Amino acid sequence: MKSKTSRLDRFIFRHSEFSMSDVRLLLAQGRIVVDGCVAQSIQQKVTEFSRVVLDDKCLQDRQPIYLMLHKPKGVVSATKDGKHTTVLDLINHPKKHELHIVGRLDFNTTGLVLLTNNGAWSRRISLPETKLKKAYEVTVSKPLDDTYVAAFREGVYFAYEDITTQPAELEVLSDYTARLFLTEGKYHQVKRMFGFFDNEVLALHRVCVGPISLGALEEGRSRALTANEVAIGETLGAL
Ligand code: URA
């Protein structure tokens with residue numbers, strides 16, 4: 001998801017009847033206000049969430065939205081689906097049509113799904129370079145032992161993409177249950193990592209994405225992220 005940033009002169013050209021060359025004059029006359037400050041440069045960056053006012057006309061005033069959902073089993077991580085309930089169907093927000101999913105979960109996986117309309121934020125949360133740990137609770141069909149811990153730490157080879165997974169931490173909780181910490185999100189990654197041992201994943205639940213944790217949020221419910229949770233995505237650095 002690309003972040004939508006443009007130069008002030010291009011933005012004004014696209015959102016008003018003025019040409020790009022008119023913008024210098026508008027600036028000199030102090031007629032453009034960005035986020036409450038009189039604009040100073042035609043090269044000033046305008047993001048998709050900057051509030052831009054020209055004279056007494058507001059050209060853009062969009063609020064970023066950040067939500068978490070406790071996804072139940074049998075719900076599709078998509079915004080539209082002809083057959084099944086989608087994560088968006090479970091969201092009650094007047095601007096939910098603007099949202100996209102930050103890291104999908106499979107149909108039968110439960111747990112934490114983040115949704116936002118801020119592409120830059122979701123990119124920072126998702127990129128493996130940010131090394132944000134996603135924690136999963138896993139139930140498998142065959143007993144676990146320390147060979148899994150070592151193999152996941154080393155990385156598992158996925159022949160289809162010809163890649164080795166990033167080092168992952170596995171905490172074995174019982175013979176059939178474990179907590180797995182991943183810093184990336186390849187297609188069906190958890191199932192394929194256990195599939196390397198021919199061990200079927202029977203239940204999979206995402207508990208947290210970095211410090212953003214599902215906590216006691218009930219299955220099927222959603223809530224807005226707190227300012228501190230949003231800040232986690234802001235402080236991962238501009239990538
Ligand atoms: N890995 C999987 O295999 N499935 C998920 O839903 C998430 C991670």
Side-chain angles (χ1 to χ4, degrees), residues 1 67-81 83-91 99-116 122-144 147-149 151-173 176-215 217-222 232-233:
M1 189 63 52
L67 301 178
M68 72 159 69
L69 168 75
H70 185 160
K71 177 191 169 304
K73 245 179 142 167
V75 170
V76 189
S77 285
T79 50
K80 262 189 231 148
D81 190 274
K83 226 161 108 193
H84 301 286
T85 303
T86 68
V87 291
L88 219 57
D89 292 332
L90 301 177
I91 302 285
L99 298 171
H100 62 266
I101 300 160
V102 188
R104 290 160 198 277
L105 292 179
D106 293 339
F107 189 62
N108 283 326
T109 302
T110 58
L112 177 62
V113 173
L114 298 174
L115 299 111
T116 182
S122 61
R123 205 160 50 93
R124 286 193 293 268
I125 291 280
S126 309
L127 278 177
E129 288 85 339
T130 62
K131 300 264 183 255
L132 209 55
K133 280 189 191 171
K134 288 104 191 160
Y136 293 88
E137 288 170 357
V138 194
T139 306
V140 287
S141 62
K142 293 179 188 164
L144 298 165
T147 57
Y148 287 74
V149 178
F152 290 1
R153 195 187 301 126
E154 280 297 301
V156 176
Y157 181 65
F158 287 173
Y160 185 74
E161 299 99 325
D162 188 24
I163 52 120
T164 300
T165 56
Q166 292 293 312
E169 200 183 312
L170 184 75
E171 254 176 54
V172 176
L173 302 174
Y176 296 95
T177 61
R179 198 169 291 130
L180 178 62
F181 299 88
L182 299 182
T183 55
E184 56 185 347
K186 305 278 179 234
Y187 181 66
H188 291 332
Q189 180 158 349
V190 178
K191 289 176 190 154
R192 290 164 77 200
M193 287 173 77
F194 284 95
F196 179 79
F197 291 93
D198 201 21
N199 198 346
E200 190 187 351
V201 171
L202 302 178
L204 186 56
H205 179 75
R206 184 156 64 198
V207 182
C208 62
V209 173
I212 305 174
S213 171
L214 200 53
L217 186 67
E218 277 173 48
E219 200 172 74
R221 303 300 291 262
S222 63
I232 288 156

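Whatever order the structure lists them in is the order used to number ligands and atoms, beginning at 1. One is the number of the first residue; the rest follow in order along the sequence. Computed from a prediction, not measured in an experiment: that's the story for all the values here.
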* Asked: If you round to the nearest 0.5 Å, how far is CD1 of I212 from CE of M68?
  -> 6.5 Å

* Residues R179, E169: salt bridge by 4.0 Å N-O rule -> no

* Asked: Are H84 and F107 an aromatic pair by the rule of ring centers under 6.0 Å?
  -> yes

* **Ionic contact status for E161 with R192, cut-off 4.0 Å** => yes

* Asked: Which residues satisfy the side-chain contact (heavy atoms from CB on, under 4.5 Å) test with R153, sequence neighbours excluded?
  -> V149

* Could you check whether the rings of F197 and Y148 sit parallel, tilted or perpendicular, using 30° and 60° as the cut-offs? => parallel

* To do: Could you pull out every protein residue that has a heavy atom closer than 4.0 Å to ligand 1, ordered by chain and then number?
  => L105, D106, T109, Y136, H188, Q189, V190, K191, L204

